[in-house]
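For reference, the structure discussed in these notes is given below.
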There are 2 protein chains.
Amino acid sequence: MPPRVTAPEMLDSETKAVETPEDHADELRLWLRLLTCTTLIEGEVRGRLRQRFDVTLPRFDLMAQLDKAPDGMTLSDVSKRMMVSNGNVTGLVERLVESGHLDRRTSETDRRVQVIRLTKLGRAEFRKMAAEHETWIADLFVDLSPKDVRELMRLLAKTKASAQKSAARRRT
Amino acid sequence: MPPRVTAPEMLDSETKAVETPEDHADELRLWLRLLTCTTLIEGEVRGRLRQRFDVTLPRFDLMAQLDKAPDGMTLSDVSKRMMVSNGNVTGLVERLVESGHLDRRTSETDRRVQVIRLTKLGRAEFRKMAAEHETWIADLFVDLSPKDVRELMRLLAKTKASAQKSAARRRT
DNA sequence: GCCAATTTCTTTAGGCTTCAAATAATTGGC
DNA sequence: GCCAATTATTTGAAGCCTAAAGAAATTGGC
């Protein structure tokens, strides 16, 4: 069987773009593999969080954002950082305020804005979870060499940039 | 400021494992980057699917699985492949049968088993969506060279294997 | 054949998530 | 100061998702 070649570039009598149905199977496979990896790890982390601490992954993620911001964040900030919708954050925050992990107050300078931050309880519980969480992640990636890790970081940064550009193109 | 060094290995008078709080910050950063990439691309694909075809990503994913299995799949198969819970599949399938995209019948040899497959309509619609979907993915990854793609594939395969081993260890 | 264990699927309760529409507050141009 | 546009958040409807419990069917050891 002769090796498959990519479709030859066609010359077009008009100036309009050439429509060669290109083969994007590799990119598709890459995307599926990326998704599989993430789903796998995410599911594992989710399961461990709930088993060990009876907490959901979204709650943990939200607390992680707030732990990095001692002065608090607005809901919009959180929404952008977590890449989830505003309405989603509203609900999440509500439940975490309810359970005493979050403090929420209206900004004094702009009454549209809600500033949330971790309570003492919230911070303490998060720190405990985060320490263990870090060991889980380390274990999940344990077979990667430091070089693998660096290489992946680099390639994923490139991927992120590419995807962001593509997304921006669409929004134009 | 002197460069930070990793914690020195401590000698322990007992034979028990040395408890050096190791630094796993790199793995953590890698995980966050992986998650960001996936979330970014997934959100983009979700948005385009709904804009162009008014279909959700989970539905598209389910149809993609079935497109590869002309003889149909059982719900359990689907659940494993998609890495989602059984109950989730039950609901998804219900809605897709309702909309005429899926055909569902009880296996003749094992009456516990439900076999689902794409209807003619389902297959036709999926094929149309899939063709466009592939171009979106290609565009999202467009800044990666073929070598980058190969490298990422390799490293993600390694990552997947590592995570699966880790998950298996936990279940022991 | 019997029945305990297993497998397949559904159901339920609760939470997560999105999108779109609505509400409320601020800002900027005039 | 007024008001249109913008920004921040909430609400509501629909769907997605999980974990756990339950129902139905099959299997395997005896």
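Chain A is the first sequence line, chain B the second, and so forth, proteins listed ahead of strands; every chain is numbered from 1.
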Just how far, in rounded Å, is [atom2] of [N] from [atom1] of [X]?
X	N	atom1	atom2	result
B:Q114	D:dT26	CD	P	12 Å
A:R105	D:dT9	CZ	P	15 Å
A:L75	D:dT10	CG	C1'	10 Å
B:E108	C:dT8	CD	C1'	17 Å
A:L57	D:dC16	CG	C1'	15 Å
B:E94	D:dG15	CD	C1'	12 Å

(message) For a quick check of understanding: with a heavy-atom distance under 4.0 Å over all strands, which category does B:T74 fall into, base, sugar-phosphate or nothing?
(response) sugar-phosphate
(request) Answer yes or no: are there more than 12 heavy-atom neighbours, outside A:R81 itself, under 6.0 Å from its atom CZ? (result) no
(message) I need a per-nucleotide contact map over nucleotides 15-24 of chain C, read 5' to 3'. Cutoff is protein heavy atoms under 4.0 Å; write B for the base, S for backbone only, - otherwise.
(response) SSSBSS---B
If you look only at distance, which donor and acceptor atoms sit under 3.5 Å apart when one is on a side chain in residues 144-157 of chain B and the other is two or more places apart or in another chain?
from, atom 1, to, atom 2, distance (Å)
B:S145, OG, B:K147, N, 3.3
B:S145, OG, B:D148, N, 3.0
B:S145, OG, B:D148, OD2, 3.3
B:D148, OD2, A:K158, NZ, 2.6
B:D148, OD2, B:S145, N, 3.1
B:E151, OE1, B:R154, NE, 3.3
B:E151, OE2, B:R154, NH2, 2.8

(request) Ignoring backbone atoms, establish whether A:T90 has a side-chain N or O less than 4.0 Å from OP1 or OP2 of D:dT11. (result) no
(message) Determine whether a donor-acceptor pair (N or O, by modelled atom type, separation under 3.5 Å) exists between the side chain of B:S166 and the backbone of B:S162.
(response) no
(request) Ignoring hydrogens and angles, state whether a donor on the side chain of A:T106 or A:Q114 is under 3.5 Å from an acceptor on the partner side chain. (result) yes
(message) Under a plain distance cut-off of 3.5 Å, with no hydrogens placed, do A:T119 and A:D103 share a side-chain donor-acceptor pair?
(response) no
(request) Please determine, for C:dC19, whether a Watson-Crick or G-U wobble partner exists with both distances under 3.5 Å, and give it or none. (result) D:dG12
(request) Counting Watson-Crick and G-U wobble pairs only, both distances under 3.5 Å, name the nucleotide matched with C:dT8, or none. (result) D:dA23
(request) Please name all residues satisfying side chain to side chain contact (heavy atoms under 4.5 Å, CB included) with B:S85, sequence neighbours left out, ordered by chain then number. (result) B:N88
